[in-house]
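Below is one structure, written out as structure tokens, with a few remarks after it.
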Amino acid sequence: MADNIDQPQLLAALEAAECLSVSEVTVRRAIRSGELPCIRIGRAVRISVEDLRAFADAHRSAGVLRDEA
């Protein structure tokens, strides 16, 4: 079998959600909206670690919370 060093690490939606400390529904919603790229193999959905990092970086804020009243 070939060496796996050059292959991207892939995460299931639940694993990606755990990395971001959000629900799996939130991850699947981001995939559906096109914000988070994924790889589909049959019914399986996988997210590359690189894409997950880019998604998190794109949602980084300046640390200011808005009032949601």
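Annotation: side chain of E18 is not in contact with side chain of L11 (no heavy-atom distance under 4.5 Å).
V22 is connected to V49 through a chain of hydrophobic side-chain contacts under 4.5 Å among Ile, Leu, Val, Met, Phe, Trp and Tyr, so both are in one cluster.
Judged as a side-chain contact (heavy atoms from CB on, under 4.5 Å), and not counting sequence neighbours, the contacts of A12 are E15, R46.
Distance check: S23 OG to R29 CZ gives 6.5 Å after rounding to the nearest 0.5 Å.
Smallest separation of non-hydrogen atoms from I31 and C38: CG2-SG, 3.5 Å. Here the closest non-hydrogen pair linking A56 and L20 is CB-CD2, 4.1 Å. L36 approaches D51 most closely through the heavy-atom pair CD1-O, 3.8 Å. For the residue pair I47 and A16, the shortest heavy atom distance occurs at CD1-CB, 4.0 Å.
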